[in-house]
Amino acid sequence: MRLELPFFQRDSITLAQELLGKLLVREIDGVKIVTKIVETEAYMGAEDKAAHSYNNRRTPRTEVMFGRAGIAYVYIIYGMYYCLNIVAAKEGIPQAVLIRGVEPIEGLDILRKNRIIKSKKIQDLTNGPGKLCQALNIDKTLNGSDLILDNKLYIIDNKEKHETISAKRINIDYAGEYKDKLWRFYIKDNIYISKK
DNA sequence: GGCCCGATTTGCT
DNA sequence: GCAAATCGGGCCA
């Protein structure tokens, strides 16, 4: 079952945990790539010094986070990689969840084709925010795309059980007291985690 | 217009 | 362990 608005319309900490185990589907020309979300991070908006939308900073880039939940926020990092986020909370509250790791379920051949790397470890295909965007062919044209109404990218439910681990977020040393918040979540023992 | 830096990844030392 | 790659976004002038 495809996930609808009420699922996304919660604070980003709750959504980040709820997204674990769910299936992220990417459709390109009718062909589906299916992955399982195994690692996420919550960005709590106005109060969160690590968030692009800290202090309600509203710019062309952060604009989508102020919009409706269930919209994709895709931004460019280090001039060469993309990061995929899902907008959380009510309109006007700029929270989002960063997808940091996914496990391939269907379409492994396409993921391989999209990721030309020397490493032969299967986990290096999608165990990081920039890596999974490359593997799933997610770029800035998907910024603002609607995971509830559009077919390019969406989430479907999965009842499978798993154990969730909470940890500090990665690479946000600039965030003062917010750098130590345990707002990173991942599925215990999964190999597609970006970092232990 | 110019400057600084980043929610990263990779391959080499 | 570490530095290079590479450029848009935010901010100030």
Side-chain angles (χ1 to χ4, degrees), chain A residues 8 11-17 19-20 24 35 37-67 69 71-89 93-104 111-145 147 153 165-186 191-196:
Chain A
F8 297 101
D11 69 88
S12 65
I13 295 174
T14 303
L15 181 60
Q17 295 170 81
L19 279 169
L20 290 179
L24 176 68
T35 63
I37 298 171
V38 302
E39 180 182 355
T40 58
E41 277 179 4
Y43 286 85
M44 283 293 277
E47 65 162 274
D48 183 0
K49 289 183 181 172
H52 295 158
S53 52
Y54 172 57
N55 222 4
N56 283 318
R57 180 164 55 181
R58 196 160 185 157
T59 67
R61 183 172 67 150
T62 64
E63 187 61 32
V64 291
M65 282 195 277
F66 287 84
I71 302 281
Y73 167 46
V74 180
Y75 67 90
I76 298 170
I77 185 70
Y78 294 97
M80 59 185 115
Y81 297 106
Y82 297 97
C83 287
L84 170 66
N85 296 249
I86 299 173
V87 175
I93 299 177
Q95 298 183 4
V97 174
L98 171 67
I99 309 298
R100 291 193 58 90
V102 300
E103 173 182 332
L111 300 178
R112 280 218 165 87
K113 201 177 62 185
N114 289 343
R115 294 262 309 143
I116 316 283
I117 46 170
K118 289 195 173 173
S119 169
K120 289 194 171 158
K121 292 186 201 156
I122 184 78
Q123 60 266 38
D124 284 331
L125 287 177
T126 54
N127 65 344
K131 296 178 186 178
L132 69 91
C133 281
Q134 203 173 68
L136 294 172
N137 198 21
I138 291 168
D139 62 21
K140 246 197 130 177
T141 63
L142 284 180
N143 187 45
S145 109
L147 310 205
L153 191 67
I165 307 285
S166 305
K168 293 181 186 178
R169 292 176 292 176
I170 306 289
N171 285 342
I172 51 155
D173 290 344
Y174 55 86
E177 70 272 26
Y178 279 83
K179 78 178 165 62
D180 294 323
K181 297 280 183 189
L182 301 178
W183 289 350
R184 172 175 173 242
F185 306 96
Y186 58 87
I191 65 165
Y192 293 90
I193 302 306
S194 63
K195 219 175 164 189
K196 284 269 162 83

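Per chain, numbering begins at 1; letters A, B, ... match sequence-line order.
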Protein and nucleotides 11-13 of chain C: nitrogen or oxygen contacts under 3.5 angstrom:
unit_1	atom_1	unit_2	atom_2	d
C/dC11	OP1	A/R57	NH1	3.2

>> Within the 4.0 Å heavy-atom criterion, would you say A/K49 contacts the bases, only the backbone, or no part of the nucleic acid?
In response: nothing
>> For a salt bridge (Lys or Arg N to Asp or Glu O under 4.0 Å) check, start with the C-alpha distance between A/E41 and A/R169, then their side-chain angles and the critical distance, and finish with the verdict.
In response: CA-CA 7 Å; A/E41 277 179 4; A/R169 292 176 292 176; 5.4 Å; no
> Which pair of non-hydrogen atoms, one from A/Q95 and one from A/G45, has the smallest distance, and what is that distance?
Replying inline: CG-N, 4.1 Å
>> So which atom in A/L153 and which in A/L142 form the shortest heavy-atom distance, rounded to 0.1 Å?
In response: CD2-CD1, 4.5 Å
>> Could you write out DNA chain C as dot-bracket? Rules: Watson-Crick or G-U wobble, both distances under 3.5 Å, brackets [ ] for crossings, | for pairs with another strand, dot for unpaired.
In response: |||||.||||||.
> What is the per-nucleotide protein-contact pattern of nucleotides 6-13 of chain B, from the 5' end, where B denotes a base atom under 4.0 Å from a protein heavy atom, S denotes such proximity for sugar-phosphate atoms only, and - denotes neither?
Replying inline: BBBSSSS-
> Under the 3.5 angstrom rule, does the side chain of A/S12 hit a backbone N or O of A/V97 as a donor-acceptor pair?
Replying inline: no
> Would you say A/T126's side chain and A/L132's backbone share a donor-acceptor pair under 3.5 angstrom?
Replying inline: no
>> I'd like the C1' distance from B/dC5 over to C/dA3, given in whole Å.
In response: 16 Å
> Could you walk me through whether A/K195 and A/E39 pass the salt bridge (Lys or Arg N to Asp or Glu O under 4.0 Å) check?
Replying inline: CA-CA 10 Å; A/K195 219 175 164 189; A/E39 180 182 355; over 6 Å; no
> Do A/S194 and A/R100 get their side chains close enough for a donor-acceptor pair, meaning under 3.5 Å?
Replying inline: yes
>> Test of understanding: with salt bridge (charged side-chain N to carboxylate O under 4.0 Å, His left out), list the residues that count as partners of A/E47, not counting sequence neighbours.
In response: none
Please produce a list of atom pairs where a protein N or O lies less than 3.5 Å from an N or O of nucleotides 1-5 of chain B.
none

May I have the list of side-chain donor-acceptor pairs in residues 73-84 of chain A shorter than 3.5 Å, sequence neighbours left out?
unit_1	atom_1	unit_2	atom_2	d
A/Y73	OH	A/H52	ND1	2.7

>> Between A/K168 and A/D173, does any side-chain N to carboxylate O distance fall below 4.0 Å?
In response: no
